[in-house]
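Both ligands and their constituent atoms are indexed starting at 1 by order of listing.
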Amino acid sequence: MFTKDQRRLRDEAREFVRSVPRELILDMDADRVQYPRDFVRDAGRRNLLGLRFPLECGGRGLRWEDEVIAIEEVGVLGTSLACAYVMPSIVGEALNSFGTAEQKEKWLKPLLNGGKIAAEALTEPRGGSDFFATTTEARREGDHYVLLGQKRFIVGAAKSDFFLVYARTDPHGPPHRSISAFIVERGPGVEAEYLYGLLGTRGGGTGRLVLNNVRVPKENLVSTENGASNIFYRMMIPERMTSAAGAIGMGRAALEVATRYSDRRKAFGDKIRRFQAISFKVADSITTLDAARGLVYAAARSVDANDTPERSRRLVSEAKKFATDGAWQVINHSMQIMGGIGYTNVYPIERLMRDARLIMIWTGTNEVMDLIIQHEYYREILSLPAETRDTEADAQEAERTSEKVYE
Ligand SMILES: Cc1cc2nc3c(=O)[nH]c(=O)nc-3n(C[C@H](O)[C@H](O)[C@H](O)COP(=O)(O)OP(=O)(O)OC[C@H]3O[C@@H](n4cnc5c(N)ncnc54)[C@H](O)[C@@H]3O)c2cc1C
């Protein structure tokens with residue numbers, strides 16, 4: 001289904017993925033590397049970061065439909081490297097959609113050529129799902145804002161050059177109109193105070209970010225004061241699209257290992273793939289991955305086509321939920337297919353499993369995805385235009401309204 005250009009892009013991404021030394025993956029997983037800076041630099045040098053951003057900012061002027069192809073490929077490396085790869089696409093969205101020309105020049109360009117590393121700081125120790133309850137504050141002092149607060153679980157906290165930070169600028173205003181977004185450079189008062197001992201997704205420098213009266217020039221305000229809710233909603237697209245596309249790559253990597261294994265491993269005198277209990281797990285898994293890919297591409301097309309924000313939001317949330325739940329199931333099946341050896345580090349399934357557990361939690365938990373999906377679907381279905389068929393009437397006794405009791 002790819003165009004010739006998309007096939008070329010996929011092959012280019014595959015070539016980049018093949019070039020990544022296995023030692024990097026292993027060193028990150030063993031916490032011997034704190035952040036894969038050279039990997040990001042290399043992706044930038046190859047012009048593979050933030051593919052959908054305009055050429056003049058350092059992107060390739062492509063679309064989401066193209067970008068998800070590359071992200072799926074990078075996803076086979078696991079969550080940490082995929083996250084480092086997509087972070088310019090996430091933080092870049094705020095700069096590209098809401099930044100000034102100067103901000104694009106100063107922050108977006110070096111982000112896309114791999115010269116600077118950025119992180120996104122939304123979640124706080126107090127909570128992540130309830131974003132609009134943010135307690136980090138920023139108060140204006142002349143030409144500066146002074147930021148005070150803490151952010152938790154920030155990938156890249158250890159090594160990033162700058163952070164996109166959300167902070168409350170109006171302590172008394174309504175939640176949706178009292179938060180602003182800032183570019184905060186690493187410097188005095190900015191500290192990664194604690195690096196977490198993670199189940200997986202290691203080597204990405206995930207830490208607690210402490211902002212201790214950090215002075216940020218007013219030029220680093222992105223968009224308007226108290227105007228960050230638009231940025232937040234916009235950024236949920238790249239956050240969730242990238243999680244979804246990367247998840248497919250991870251599931252694919254595990255399934256390929258397990259499928260090949262099942263064609264070699266024997267039990268009771270036969271290859272284990274001859275047992276339906278094994279081959280049907282393969283069938284289930286590849287069906288799940290293909291369905292997830294279909295949903296991710298549909299979501300990508302919806303965003304590319306400037307579909308209504310409500311429908312794009314629903315599709316993007318469905319894609320994130322389905323692809324991440326699906327990747328987890330596929331990796332679990334893959335481990336079961338491999339028996340005991342799949343549970344060891346002789347094969348990469350256990351690492352992919354540890355990585356994959358996170359993707360159902362971050363960039364909005366899958367429960368939060370359910371909240372959004374049902375909300376948008378109710379809204380759509382309850383305002384369905386009259387020209388659609390009234391299928392409720394297609395029942396023998398449909399006119400028996402005395403039986404249609406709701407309370
Ligand atoms: C390794 C790692 C890396 C991360 N990277 C980043 C990063 O770079 N930047 C960043 O800002 N954040 C990052 N996060 C944070 C992540 O996005 C949050 O952990 C996530 O959004 C959930 O927030 P929470 O942990 O505070 O859980 P809570 O919000 O406390 O939620 C706890 C549980 O309650 C459920 N819940 C909450 N509200 C509702 C509701 N209304 N309805 C139903 N269920 C609900 C949740 O689904 C969850 O199961 C990262 C997290 C980890 C672990």
- Message: At less than 4.0 angstrom from any non-hydrogen atom of Gly128, what atoms of ligand 1 do you find?
- Response: 23 (O), 24 (P), 26 (O), 29 (O)
- Message: Using a 6.0 Å cut-off, check whether atom OH of Tyr377 has over 12 heavy atoms from anything other than its own residue.
- Response: no
- Would a 4.0 Å cut-off, counted as strictly less than, catch a protein heavy atom around atom 32 (C) of ligand 1? no
- Message: Is a donor from one side chain sitting under 3.5 angstrom from an acceptor on the other, for Glu124 and Thr136?
- Response: yes
- Task: Could you tell me whether atom 45 (C) of ligand 1 has a protein heavy atom closer than 4.0 Å?
- Result: no
- Message: Would Ala121 count as a polar contact of ligand 1, with the cut-off being nitrogen or oxygen pairs under 3.5 Å?
- Response: no
- Per-atom contacts of ligand 1 with Thr365, taking only distances under 4.0 Å to non-hydrogen atoms: 22 (C), 46 (C), 47 (O)
- Phe153 N/O under 3.5 Å from ligand 1 N/O: yes
- Task: For Ser129, take its heavy atoms, then give the atoms of ligand 1 lying under 4.0 Å from any of them.
- Result: 23 (O), 28 (P), 29 (O), 31 (O), 37 (C), 38 (N)
- Atoms of ligand 1 close to Gly127 [distance to a heavy atom under 4.0 angstrom, numbered from 1]: 26 (O)
- Message: Can you name the atoms of ligand 1, numbered from 1 with element, that are less than 4.0 Å from a heavy atom of Leu358?
- Response: 1 (C), 2 (C), 52 (C), 53 (C)
- Task: Just jot down the ligand 1 atoms closer than 4.0 angstrom to any heavy atom of Leu371, in number order.
- Result: 40 (C), 41 (N), 42 (N)
- Query: With respect to His176, which candidate in Phe132, Phe131, Phe232 satisfies the ring pair (Phe, Tyr, Trp, His ring centres under 6.0 Å) definition?
  - Reply: Phe132
- For ligand 1, which atoms have a heavy atom of Ile154 less than 4.0 angstrom away? 7 (C), 8 (O), 9 (N), 10 (C), 11 (O)
- Could you name the option among Thr123, Ile359, Thr206 that has the heavy atom nearest to atom 16 (C) of ligand 1? Thr123
- Task: Number the atoms of ligand 1 from 1 as they appear, then name those within less than 4.0 Å of a heavy atom of Thr363, with their elements.
- Result: 17 (O)
- Task: Identify, for atom 21 (O) of ligand 1, the protein heavy atom at the shortest distance, and state residue, atom and that distance.
- Result: Ile361 O, 4.0 Å
